[in-house]
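None of the values given here were measured: they were computed from a predicted structure. Order of appearance sets the numbers: ligands from 1, and atoms from 1 within every ligand.
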Amino acid sequence: MSKIKKAIIPAAGLGTRFLPATKAMPKEMLPIIDKPTIEYIVEEAINSGIEDIIIVTGKGKRAIEDHFDNNFELEHHLKKSNKLEILDKVKQSSSVNIHYIRQKEPLGLGHAVWSARKFIGNEPFAVLLGDDIVKSETPCLKQLMDVYDQTGQSVVGVQEVPLEETKRYGIVDFYNKNGNTYEVKKFVEKPKSNPPSNLAIMGRYIFNPELFKFLSEQKVGAGQEIQLTDSIEELNKVQKVLAYNFDGKRYDVGEVTGFILTTLEFALQDEKYKDAIEKYLMNCGYRYEN
Ligand code: UTP
C-alpha cells in the first residue's frame, strides 16, 4: 500500500491561451475526443491508487463540479433508451472521493497548491496538472509514488525536451543519476538562456508536507506568479527532492497546437475514428502511415 492517498489537481488558471473558448468554459473541460482533459487526469490518479482528490477551482469553474457529479436524469434516460455503453461512460467512479476548494485569485500554480494545504494536512501528497496527459503502461503518477515509497523523498516527474524548448519549463540541474532517478542540484523555472539540462518538469509531483512552509512565503517569481518550482527549489535545499524520468508518452494539451495534435493522435489511435481521418487526410494530399 502506498503512503500517498491524496492528490491535488490545480484547475483555477485563466486559460488565456485558449481564449475566447475559455471565457465561460474551464480549459480543463476542453475535450480530447469525447472526454474532458481533466477526466484523463482523474483516471490516472484513480489508477494509481489515490483515494481523495482535491480540485482547486476558481471563478467560472462550476462545469468541473457538475461533470464529476452524478446526473440522475441523464442516467435514467440512458438506461431507459438502452444506451448502456454510454451510461457506463457517464457514471462516476466510486473508488475515489472528489473535493473542491477555491483559489481566490489565480496568483500562480504555487498559490493554487498552497490553497489546498488544509485538506492535505501533515502527510505526503501528489499533484497532477491538467496540462499534461501521459499514456503509459504503469500510470505516470504510480511510477512516482513507487519512488516515494522506496525513498521517502519528494519527487518530480521529468522528461527530456529539445534544448530550444527549455525556456517554457521548470528545468532540472542534476549532479547524480541512478537509472531513471536524478539527484538535483537546482530547479530553475523557465531559464531564459543557458539551461542546465534538457530535463523538464512535466506536471506530476509527490511532495512531503514541508513544501507548504515555502509556499506560504508566497514569493512572486517568473511571469509575476507564485511559482511552484521556486518552492521546490527551497525544499530541495533542506530536504533532497528527486527527479524521475518516467516511462510513457506525454501530451502537452495546455496550448493550442499541442491540444490539436493530441486530439489528432488520439483519434488516429481509436478504431472508431481512424479510417475516416486517414481518408480525410489522404484526400487533402497527406500521406499517413501507421
Ligand atoms: P497554466 O499556466 O498552464 O494554466 O497552469 P493557465 O494559467 O490557466 O493557462 P494560460 O497560461 O493562461 O493559458 C497549469 C495548471 O495550473 C492551474 C491551471 O488551471 C492549469 O491546470 N493554475 C494555474 C491554477 O490552478 N491557478 C493558477 O493561479 C495558475
Side-chain angles (χ1 to χ4, degrees), residues 7-32 35-45 53-65 67-68 98-120 125-134 140-141 156-159 161 165 167-171 187 189-190 200-205 207 211-212 215-232 250-260 262:
I8 302 173
I9 303 181
L14 295 175
T16 52
R17 282 168 288 181
F18 282 88
L19 281 170
T22 46
K23 201 173 158 201
M25 176 163 74
K27 162 168 114 171
E28 296 76 12
M29 285 300 293
L30 295 174
I32 304 289
K35 212 156 57 173
T37 309
I38 194 165
E39 196 169 330
Y40 289 90
I41 312 302
V42 165
E43 281 175 358
E44 184 186 324
I53 293 175
I54 186 151
I55 301 180
V56 183
T57 66
K59 196 169 172 286
K61 302 274 183 170
R62 273 288 305 276
I64 297 178
E65 294 183 34
H67 180 74
F68 288 109
I98 302 185
H99 317 260
Y100 301 92
I101 185 121
R102 277 209 166 219
Q103 182 187 14
K104 293 198 179 73
E105 250 186 284
L107 297 177
L109 177 58
H111 184 260
V113 172
W114 177 78
S115 304
R117 67 199 178 285
K118 287 195 178 136
F119 167 81
I120 298 297
F125 63 100
V127 176
L128 302 97
L129 301 194
D131 281 30
D132 292 315
I133 294 176
V134 183
C140 176
L141 188 68
V156 304
V158 296
Q159 281 204 330
V161 296
E165 286 181 23
K167 54 177 161 311
R168 292 175 42 206
Y169 297 93
I171 299 293
F187 293 90
E189 181 62 21
K190 301 190 175 83
I201 302 177
M202 287 299 175
R204 297 292 183 275
Y205 315 79
F207 293 118
L211 179 80
F212 288 121
L215 286 175
S216 66
E217 289 168 14
Q218 312 223 342
K219 283 194 192 132
V220 174
Q224 291 308 300
E225 292 193 352
I226 299 172
Q227 296 286 355
L228 180 59
T229 309
D230 294 344
S231 285
I232 302 175
R250 169 249 176 191
Y251 298 86
D252 180 3
V253 294
E255 49 91 28
V256 177
T257 309
F259 181 84
I260 294 168
T262 305

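When only non-hydrogen protein atoms are considered, atom 2 (O) of ligand 1 lies nearest to Arg17 NH2, 3.9 Å. The single protein non-hydrogen atom nearest to atom 17 (C) of ligand 1 is Pro10 O, 3.7 Å, given as residue, atom name and distance. Shortest contact from atom 25 (O) of ligand 1 to any protein heavy atom: Ala12 N, 2.8 Å. In this structure, the protein non-hydrogen atom closest to atom 23 (C) of ligand 1 is Gly13 CA, 3.8 Å. Among protein heavy atoms, atom 4 (O) of ligand 1 sits closest to Lys27 NZ, 3.2 Å. Atom 28 (O) of ligand 1 has its closest protein heavy atom at Gly108 N, 2.8 Å.
For Tyr100 and Phe68, the gap between ring centers reaches or exceeds 6.0 Å.
In this pair, Phe119 and His99 present their aromatic rings tilted. The plane angle is within the 30 to 60° band.
Contacts with ligand 1 closer than 4.0 Å are made by no heavy atom of Val56, backbone or side chain. If you look at Ala112 next to ligand 1, the close heavy atoms, those under 4.0 Å, all belong to the side chain. Proximity of Glu105 to ligand 1, defined as any heavy-atom pair under 4.0 Å, is not found for any part of the residue. When non-hydrogen atoms are compared, ligand 1 lies under 4.0 Å from the side chain of Gln103 (C-beta onward) but not from its backbone. Heavy atoms of Glu28 found under 4.0 angstrom from ligand 1 belong exclusively to the side chain.
For the atom pair His67 NE2 and Glu39 CD, the distance stands at 3.5 Å (nearest 0.5 Å). Here the straight-line distance linking atom CD1 of Ile133 with atom CD1 of Ile32 works out to 5.0 Å at 0.5 Å rounding. Tyr205 contributes atom OH, which lies 12.0 Å from atom CG of Leu141 (distance to the nearest 0.5 angstrom). Taking CD of Glu105 as the start and CZ of Arg102 as the end, the distance is 13.0 Å to the nearest 0.5 Å. Between atom CG of residue Leu129 and atom CD1 of residue Ile9 there is a gap of 9.5 Å, rounded to the nearest 0.5 Å. The line from CD1 of Ile201 to CD1 of Ile171 is 7.5 Å long, rounded to the nearest 0.5 Å.
Residue contacts with ligand 1: Asp131 is placed with a nitrogen or oxygen under 3.5 Å of a nitrogen or oxygen of the ligand (distance criterion only). Between Gly15 and ligand 1, a contact under 3.5 Å exists for at least one N or O pair. The shortest N/O to N/O separation between Leu14 and ligand 1 falls below 3.5 Å. Not one N or O of Gly254 is nearer than 3.5 Å to an N or O of ligand 1, by distance alone.
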Show every donor-acceptor pair shorter than 3.5 Å between a side-chain atom in residues 250-257 and any protein atom, with sequence neighbours excluded, or say none if there are none.
| from | atom 1 | to | atom 2 | distance (Å) |
| --- | --- | --- | --- | --- |
| Arg250 | NE | Asp132 | OD1 | 2.8 |
| Arg250 | NH1 | Tyr169 | OH | 3.1 |
| Arg250 | NH2 | Asp132 | OD1 | 2.8 |
| Arg250 | NH2 | Tyr169 | OH | 3.4 |
| Tyr251 | OH | Glu265 | OE2 | 2.8 |
| Asp252 | OD1 | Gly254 | N | 3.1 |
| Asp252 | OD2 | Arg168 | NH2 | 2.7 |
| Glu255 | OE1 | Thr257 | N | 3.4 |
| Glu255 | OE2 | Gly258 | N | 2.9 |

Can I get a per-line list of side-chain donor-acceptor pairs under 3.5 Å for residues 107-116, giving both atom names and the distance, sequence neighbours left out?
| from | atom 1 | to | atom 2 | distance (Å) |
| --- | --- | --- | --- | --- |
| His111 | ND1 | Gln103 | NE2 | 2.9 |
| Ser115 | OG | His111 | O | 2.8 |

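Ranked by closest heavy atom to atom 16 (O) of ligand 1, the top entry among Leu109, Asp252, Leu128 is Leu109.
Within the 3.5 Å criterion, the main-chain N or O of Leu30 finds a donor-acceptor partner in the side chain of Thr37. Thr22 places a side-chain N or O within 3.5 Å of a backbone atom of Gly15 that can act as its donor or acceptor partner.
Interface of Pro106 with ligand 1, defined as ligand atoms under 4.0 Å from a residue heavy atom, comprises 28 (O). Within the listing of ligand 1, atoms 28 (O) sit less than 4.0 angstrom from a heavy atom of Leu107. Near Thr16, meaning under 4.0 Å from any of its heavy atoms, are these atoms of ligand 1: 10 (P), 11 (O), 12 (O), 13 (O).
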